[in-house]
Every structure is written in structure tokens, then in C-alpha cells.
There are 2 protein chains.
Amino acid sequence: MPELLTAIVDDHPIVIEGLKTLLANEENLRIVSGFCKGEELLSYIENNKLDLVLLDITLPDINGIELCQRIKQLSLSTSILILSNHTERSIIMQAIQNGASGYLLKNSSIDELRHCISEAVKGNICYSKEVMEIISRPSKNELQGVPRLTRREKEILVLIAAGKTSQMIAQELFLSPLTVDTHRKNLIQKFGVKNVAELIMEASRQQQL
Amino acid sequence: MPELLTAIVDDHPIVIEGLKTLLANEENLRIVSGFCKGEELLSYIENNKLDLVLLDITLPDINGIELCQRIKQLSLSTSILILSNHTERSIIMQAIQNGASGYLLKNSSIDELRHCISEAVKGNICYSKEVMEIISRPSKNELQGVPRLTRREKEILVLIAAGKTSQMIAQELFLSPLTVDTHRKNLIQKFGVKNVAELIMEASRQQQL
DNA sequence: TTTTCTATACTGATTTTTAGGTATTTTAAT
DNA sequence: ATTAAAATACCTAAAAATCAGTATAGAAAA
């Protein structure tokens, strides 16, 4: 059995080095490279074979979830294992949807990491214990999923979060304050919340801010 | 020169292991232990000598900043180096105020880490390059620093963030709605914001939520 | 081309928040 | 024992947000 050619993508050099040394003793694994940026991995993949990628969600250039998709476009045979701090159910699901074979939190144990790697390369989908729990019990807030906001709504959301009133926003965007009120109302409705306080809370929790 | 007895505190086992192996070759360093929880370190320190602690801000039990203080209370001779992802100027300053000898971001290079360790144990304060920049240009929002909230204020802040109105909060806490309004007013004033939207935004940005 | 979605704007009524104070009682610290 | 801080409560009035609707023009998708 040949060694699995593996790359690590994480914006923390310390984590990359850590993973490298941690996995150095694995028989069937060969860490060929570590990257801080997503683009670096993509250009590597264009010229080299890769069996496995350990991938972070938060990267300086591209989002890890989009990166999943692009890796799979370039090389369908490459397995992807997400190693992230994000505990949002929606993010986990999106990652899997985009081709990841597993999802681990960074605070998972070394054994879990080893186990998930071996499952991933076998072609199975594998989660760490904590992630499994997150997937299994969707919290009330997450039941209706992440609301898709229109461009205008996003724009107004950030202005609300900046403490601006409907009048101020209206002036800034050359709109009627009544229109801004409508968008505000729609935002509150889309997020399923009662008022701006909860709106901002939810939006920032969901990384929409 | 004797070896520096060093401990690592981080909620990510992978980071702990990574740092351990990364620093294994350092001549003057001896990693004696790694902990995921703050309390574990504190009880260790009560019985053992430690020269250096590499410390994360986000921990499952105690806040890293408070932990700084408590480490210094137990053992003034122990140097603390913060290794965190938080780029908030206020958090960095608080850490230093509470006795840390340096602050590194997790995405800093291995060389920076080595350099800061050597400076810290010499008794100097040392920051990674990026952190240095953050310290040097205080953003507008951060000029007045993190407001210290009272217990009641914190309590009411989370209820506001949950979308509750003053009346609802008053009922829940067996207070007059007018009292809740006063606390609300004080929160807005302490944070230097215009309304709850901005309040929740700031509070969540500052990890006070 | 018809339908759906987005962005726009309005009415009217009600609730909530915000801004400007003041003031008393607990609780904690010196 | 004194002082300072925190928690409590109130007043008045204006500003803003929320609820519950309706409606229309333009863009995008079916």
C-alpha cells in the first residue's frame, strides 16, 4: 500500500508544524506540504497529486468551504478533512455538501484525528464526537437554517449594526425611511427574531456580520 | 544555565502537541506539561515550579486574562506568554496589564515564537510583528477601552441580546422596568454607543457576550 | 411571457427605547 | 465608621422601532 500524499492548509504555522510532527510517525501518511493560504494549495494541486487535505475553514484568502469545492473540481480523488473551530451546524453541513469527507474541531483529541483520517481515506464520512452532537441536535435557532439575505438587506444590516437609525440609513442610501423600515422588518422576519438586539446577536453568531 | 520549566495551556490538544514537538529541540526549554483547562494549570502550579507558561486566551473554564492574574498570584516568577487568535487591542492590553510578558498571534511564525520566548524569560515584554501593529494604531472604537460591567449589567446585557424588552427582563428578574431601563441606559453609556444594535455588536466583538 | 423575487414606498396604531435628569437603599471597600 | 460603588426606582418627553397590513415598478428566472 502506497503512502497517502497529504497536505495541510491552516493559517496558523504553529498548527501546521504541529500536525506535521504529530502525523510524522503515521505509517501510511506522507505530509508533502503545508500551506497558509488556499490559493497556494490550489496551484500546488494543479501540478501535483494529493490524496488527502487537512483543511481549516478560516483562511486569509479564500473561505475553506469554497476551497472544498475548488479542490474537488481540480482533483476529485483528493479526500478533504476539515479541521476547524467553527461549531455552526450550517457551516459543517455546507462543508460536507461541498465535498469534505469529515469535520473535526480543533479541540478534538489526537486519536479522533487519526481515526477520522483513516475513515476519510477509506471513502467514509467521519465526524469527531462533538461535531456528531452538533449535527444530531439542531438547536432551535438553526432549525430554519441560515437566512439568505439580499444585497440591500446585507447593506442595511451592517448599518443597523453600526448603530444607525432608519432615518440615518435612509439618508445615506438615498431611500425613504419607510423603505428602510421595510427592510428592517424583513430582516427581523427572516432571522426569526423579535428585535434588533436579537437580530444583531444572531447575525454575528452566524458570521453574517 | 538550567532548563526553563515550561507548560502549555490551550484548549486544542493538537496545538499543545504541536508546540511540544516544535519546542522539543530547544536547548534551554523543557516542556513539563500541557493543559486544556486553566484550573488544571493552577493546581499544577500550586505544587510545582514553573518558569514559563504559553497561554491561550480562550479556554473552556477560565478566561486566559483572569488566568494570568491568578498565575502571577501563585507564582510571581513564572513568565507568561500569550498565544492567541484575538486581535482586539483591548484584550492584548489587558493581558499585559495582568502580568503577561508577551503576546503572539497563532498565525505568527515559528521564529517569532522562539524569539518571544527568549525575550520573555529575560524579563522583557515582547510582541509578534502583527501584534505590534495592533498596539501601535488604536482604532476609534477601542480608544476608551473595554468597559467593566457590574454583575447586574452583564445579566441584563445577555437578556437584551436575547431579544427581551425591558418589561420582560423586569418580570424575569423581579425588578421595576424603570430599573431595567436605567441599567440599559448605563450599558449604552459605558460602551459609548448609540443604541442596542451597536451595543450588542460591540459587546459581541469584545467577547462580552 | 408569465411568474417570482427584489426593491421600493406608504398608512396607521402601538410599543419600546432613548435622553435628560434625580434619588434612595444596599453592598463592598477602606 | 465612613465612603464609594452598585442596585434600585422614578419623572417627562421625544425619538425610534415594531406590527400588520397594502402596493407598485423593475429585474431575473421559469
Side-chain angles (χ1 to χ4, degrees), chain A residues 140-141 144-206 208-209, chain B residues 66 69-70 73 94 97-98 141 144-206 208-209:
Chain A
K140 301 118 211 166
N141 295 336
Q144 73 265 1
V146 176
R148 304 158 214 72
L149 305 184
T150 66
R151 218 172 301 152
R152 215 25 155 194
E153 284 167 350
K154 275 182 207 164
E155 196 178 10
I156 286 172
L157 177 58
V158 308
L159 293 172
I160 291 173
K164 311 219 164 136
T165 64
S166 289
Q167 273 97 327
M168 295 165 79
I169 296 170
Q171 274 197 300
E172 205 162 316
L173 302 181
F174 308 107
L175 293 174
S176 157
L178 299 162
T179 306
V180 178
D181 275 338
T182 303
H183 286 303
R184 177 192 286 270
K185 204 194 317 181
N186 291 338
L187 280 165
I188 284 176
Q189 191 242 304
K190 278 194 180 180
F191 275 87
V193 295
K194 289 184 285 301
N195 52 34
V196 273
E198 206 182 349
L199 171 69
I200 302 300
M201 197 57 194
E202 261 305 296
S204 89
R205 207 179 56 79
Q206 290 178 11
Q208 301 237 22
L209 268 174
Chain B
E66 285 173 47
Q69 233 176 4
R70 300 194 42 196
Q73 274 166 15
Q94 277 180 75
Q97 226 79 56
N98 284 12
N141 295 337
Q144 74 265 0
V146 176
R148 305 155 214 74
L149 304 185
T150 65
R151 213 172 307 152
R152 214 30 155 187
E153 284 166 349
K154 275 181 208 165
E155 196 177 11
I156 286 172
L157 177 58
V158 307
L159 293 172
I160 291 173
K164 311 220 165 137
T165 65
S166 291
Q167 274 98 325
M168 293 165 81
I169 296 170
Q171 274 196 301
E172 205 161 315
L173 302 180
F174 307 106
L175 293 174
S176 157
L178 300 161
T179 305
V180 178
D181 275 338
T182 304
H183 286 302
R184 178 192 285 267
K185 206 187 326 180
N186 290 338
L187 280 165
I188 284 175
Q189 191 242 305
K190 278 194 182 183
F191 275 87
V193 294
K194 290 183 284 300
N195 51 36
V196 273
E198 208 181 348
L199 171 70
I200 301 303
M201 196 58 195
E202 261 306 296
S204 89
R205 208 179 55 79
Q206 290 178 11
Q208 302 238 22
L209 267 174

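Below, chain A is the first sequence line, B the second, and so on; all start at residue 1.
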Indicate every side-chain donor-acceptor pair of residues 170-180 of chain B with a distance under 3.5 Å to a residue at least two apart or in another chain.
from	atom 1	to	atom 2	distance (Å)
E172(B)	OE1	K164(B)	NZ	3.2
E172(B)	OE2	K164(B)	NZ	3.4
S176(B)	OG	L178(B)	N	3.0

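The main-chain N or O of T150(A) is found under 3.5 Å from a side-chain atom of E153(A) such that the two form a donor-acceptor pair. Checking side-chain atoms of N98(B) against main-chain N and O of Q69(B) turns up no donor-acceptor pair under 3.5 Å.
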Look for any protein N or O under 3.5 Å of an N or O in nucleotides 6-8 of chain D and output each such pair with its distance, or none.
from	atom 1	to	atom 2	distance (Å)
dA7(D)	OP1	R152(B)	N	3.3
dA7(D)	OP2	T150(B)	OG1	2.2
dT8(D)	OP1	R152(B)	NE	3.1
dT8(D)	OP1	R152(B)	NH2	2.6
dT8(D)	OP2	R152(B)	NE	2.8
dT8(D)	OP2	H183(B)	NE2	3.1

Can you give me the N/O atom pairs linking the protein to nucleotides 16-20 of chain C at distances under 3.5 Å, or say none if there are none?
from	atom 1	to	atom 2	distance (Å)
dT16(C)	OP2	Q167(B)	NE2	3.2
dT17(C)	OP1	R184(B)	NH2	2.8
dT17(C)	OP2	S166(B)	N	3.1
dT17(C)	OP2	S166(B)	OG	3.3
dT18(C)	OP1	V196(B)	N	2.9
dT18(C)	OP2	R184(B)	NH1	3.4
dG20(C)	O6	K185(B)	NZ	2.5

Under-3.5 Å N/O pairs linking protein and nucleotides 25-30 of chain D:
none

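How far NE2 of H183(A) is from NZ of K190(A): 10.0 Å, rounded to the nearest 0.5 Å. Once rounded to the nearest 0.5 Å, the distance linking CD1 of I160(B) with OG of S166(B) reads 6.5 Å. Rounded to the nearest 0.5 angstrom, R184(A) CZ and N195(A) CG are separated by 10.5 Å.
Remark: P of dC19(D) and CG of L178(A) are 17 Å apart, rounded to the nearest angstrom.
At least one side-chain heavy atom of F191(B) sits under 4.5 Å from a side-chain heavy atom of L149(B). No side-chain heavy atom of L187(A) sits under 4.5 Å from any side-chain heavy atom of V193(A). Using a 4.5 Å heavy-atom threshold, the side chains of L199(A) and I200(B) count as separate.
Among residues two or more places apart in sequence or in another chain, the side-chain hydrogen bond (donor to acceptor under 3.5 Å, both in side chains) test is passed with K194(A) by E198(A).
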Query raised in the report: Where does DNA chain C pair, written as one dot-bracket string 5' to 3', with Watson-Crick or G-U pairs under 3.5 Å, ( ) inside the strand, [ ] for crossing pairs and | for another strand?
Result: .||||||||||||||||||||||||||||.
